[in-house]
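The shown structure was predicted, so the numbers you read here are calculated from the model rather than taken from an experiment.
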There are 2 protein chains.
Amino acid sequence: MASSPGIPDIVIGRLPIYLRALTQMLQQGHSITSSHELGQRLGISSAQIRKDLSHFGEFGKQGTGYQVDHLLNQLKNILQVDREWPVVVVGAGDLGRALAHYRGFVARGFRVVGVFDTDPKKVGTGEDENRVRNMDNLEDFIRKNSVRIAMLAVPAEAAQAVSDRLVAAGVRAILNYAPITLAAPPDVHVQYIDPVMHLQRMTYYLE
Amino acid sequence: MASSPGIPDIVIGRLPIYLRALTQMLQQGHSITSSHELGQRLGISSAQIRKDLSHFGEFGKQGTGYQVDHLLNQLKNILQVDREWPVVVVGAGDLGRALAHYRGFVARGFRVVGVFDTDPKKVGTGEDENRVRNMDNLEDFIRKNSVRIAMLAVPAEAAQAVSDRLVAAGVRAILNYAPITLAAPPDVHVQYIDPVMHLQRMTYYLE
DNA sequence: TAGATTGTTAATCGATTAACAATC
DNA sequence: TAGATTGTTAATCGATTAACAATC
């Protein structure tokens with residue numbers, strides 16, 4: 001999770017938000033926008049958006065604003081999603097299969113190229129790229145396909161062990177759906193998705 | 001999303017992380033811990049953990065640390081997850097069904113009490129509480145069951161309209177899986193889960 | 001030109017960390 | 001008692017915001 005250069009992590013975290021909003025704007029036919037308009041949509045100040053973008057260059061025009069498609073492409077380039085990253089899904093339970101079937105990845109830079117599970121009943125089920133593979137072949141597959149990104153949808157008890165195998169095989173980014181904090185080397189990026197944590201954050205404010 | 005009292009939002013957001021780690025510690029048989037130990041596990045400084053907790057009271061003992069089960073219960077109380085919140089899932093696609101089937105909610109304060117979809121082919125499928133209900137009955141169901149929390153797993157195009165209906169019916173917390181920013185009144189809390197945004201955040205650092 | 005909006009600097013605000021007295 | 005760790009204060013650090021010259 002180390003970030004050597006000068007750009008704050010929190011800024012990087014907002015770029016995908018901008019990217020998503022700009023994509024939507026383009027779909028809605030907006031060809032020009034401004035930091036003010038974008039900010040209003042997202043509940044972010046216009047100053048923050050301009051400041052964030054200024055870390056990477058100048059993308060706008062005084063008096064006019066930003067060309068949506070141009071800014072979009074710049075952000076894709078910065079985030080390195082102007083290409084298609086192969087991704088493996090580990091765990092073929094309900095969630096793993098939902099991830100494997102999800103149609104929204106490709107348009108945004110990712111393609112699920114392999115799904116893995118230990119359960120012999122699950123291995124072999126599913127169509128094409130979603131055919132569930134045996135976990136024994138995990139490392140081979142990752143190496144042969146130069147996979148750098150994995151989504152982890154196994155039970156909490158298994159998550160750390162699987163994570164270690166992924167890292168050893170060359171994975172450098174893990175999106176972990178198991179509700180535990182993973183231990184990983186500093187050059188491996190881990191992000192967490194745990195719906196319960198989001199819900200618990202909201203119940204604090206309820207009533 | 002308004003937070004009137006003095007406790008920073010960012011602090012509230014860390015409490016579920018502490019809660020999760022403490023639960024795991026208890027399972028592993030630790031009955032006592034310290035801010036230092038907890039911090040190491042989570043990659044957070046011990047000072048920050050003590051500072052965060054100090055907003056809510058004094059939960060430790062000098063020289064000793066924290067009684068895990070006691071701190072756990074205190075945090076559950078603060079976050080209001082020392083009870084069981086009824087939750088509806090809207091959208092019975094792959095993701096919605098995965099959420100409906102997920103066994104991990106109940107132990108952490110939430111119970112899926114209803115699943116809704118517009119598709120007549122889906123309505124009526126599923127067992128017991130997971131039986132998919134017709135969207136026409138959404139408002140009635142929410143009111144009758146005093147539901148305050150919803151998980152939104154519908155296509156992006158439908159999300160805003162469904163959100164408006166949920167809010168009108170009394171929902172005050174929405175966990176949105178659709179990849180769009182929702183517009184909602186200030187007293188409605190919205191959290192977002194978009195795996196692609198997490199992936200895009202990591203690709204920035206790859207290579 | 002007049003109006004609008006950028007990119008950037010300086011000021012403000014808030015969060016994190018370091019340090020330590022209190023005390024178990 | 002001696003060692004350890006809390007809760008809290010003050011210092012540091014970093015992020016956000018306000019303001020504005022530049023300029024399209």
Under 3.5 Å, side-chain donor or acceptor atoms of residues 135-151 of chain B against the rest of the protein: list the pairs with distances, not counting sequence neighbours.
unit_1: B:Glu139; atom_1: OE1; unit_2: B:Arg165; atom_2: NH2; d: 3.0
unit_1: B:Glu139; atom_1: OE2; unit_2: B:Arg165; atom_2: NE; d: 2.8
unit_1: B:Asn145; atom_1: ND2; unit_2: B:Phe141; atom_2: O; d: 2.8
unit_1: B:Arg148; atom_1: NH1; unit_2: B:Gly170; atom_2: O; d: 3.4

Cut-off 3.5 Å, no hydrogens considered: what does the side-chain donor-acceptor table look like for residues 53-67 of chain B, sequence neighbours left out?
unit_1: B:Ser54; atom_1: OG; unit_2: B:Lys51; atom_2: O; d: 2.7
unit_1: B:His55; atom_1: ND1; unit_2: B:Lys51; atom_2: O; d: 3.2
unit_1: B:His55; atom_1: ND1; unit_2: B:Asp52; atom_2: O; d: 3.2

| request: May I have the step-by-step check of side-chain contact (heavy atoms from CB on, under 4.5 Å) for B:Arg20 and B:Arg108, ending in yes or no? | output: CA-CA 9 Å; B:Arg20 199 175 73 172; B:Arg108 297 169 75 191; 3.4 Å; yes
| task | Go through the steps to decide whether A:Arg103 and B:Asp94 satisfy the test salt bridge (charged side-chain N to carboxylate O under 4.0 Å, His left out), and finish with yes or no. | result | CA-CA 11 Å; A:Arg103 302 255 145 267; B:Asp94 287 321; over 6 Å; no
| request: Quick one: do B:Asp9 and A:Tyr205 satisfy side-chain hydrogen bond (donor to acceptor under 3.5 Å, both in side chains)? Show the steps, please. | output: CA-CA 10 Å; B:Asp9 216 68; A:Tyr205 298 100; 2.3 Å; yes
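For residues 44-62 of chain A, proximity to DNA chain C is found at A:Arg50, A:Lys51, A:Ser54, A:Glu58, A:Phe59, A:Gly60, A:Lys61, A:Gln62, defined as any non-hydrogen atom under 4.0 angstrom from a strand atom. Across residues 24-35 of chain B, B:Ser34, B:Ser35 each have a non-hydrogen atom less than 4.0 Å from an atom of DNA chain D (numbered order).
Atoms NE2 and CE, from B:His189 and A:Met202 in turn, are 8.5 Å apart once rounded to the nearest 0.5 Å. Residue B:Thr203 holds its OG1 atom at 12.5 Å from NZ of A:Lys76, rounded to the nearest 0.5 Å.
Here the side chains of A:Asp69 and A:Ser31 are not in contact, with every heavy-atom distance at 4.5 Å or above. The shortest distance between side-chain heavy atoms of A:Gln200 and B:Gln80 does not fall below 4.5 Å.
Here the range on DNA chain D touched by chain B, meaning any atom under 4.0 Å from one of its heavy atoms, is D:dA4 to D:dT9.
The minimum heavy-atom distance between B:Arg133 and B:Val113, with the atom names listed, is NH2-O, 3.8 Å.
Using a cut-off of 4.0 Å between Lys/Arg side-chain N and Asp/Glu carboxylate O, A:Arg97 and A:Asp117 are scored as not salt-bridged.
The environment of NE2 in A:His101 is crowded: more than 12 heavy-atom neighbours from other residues, nucleotides or ligands sit within 6.0 Å.
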| request: Can you run through DNA chain C from 5' to 3' and write each base as (, ), [, ], | or . depending on how it pairs? Watson-Crick or G-U wobble, both distances under 3.5 Å. | output: ..||||||||||||||||||||||
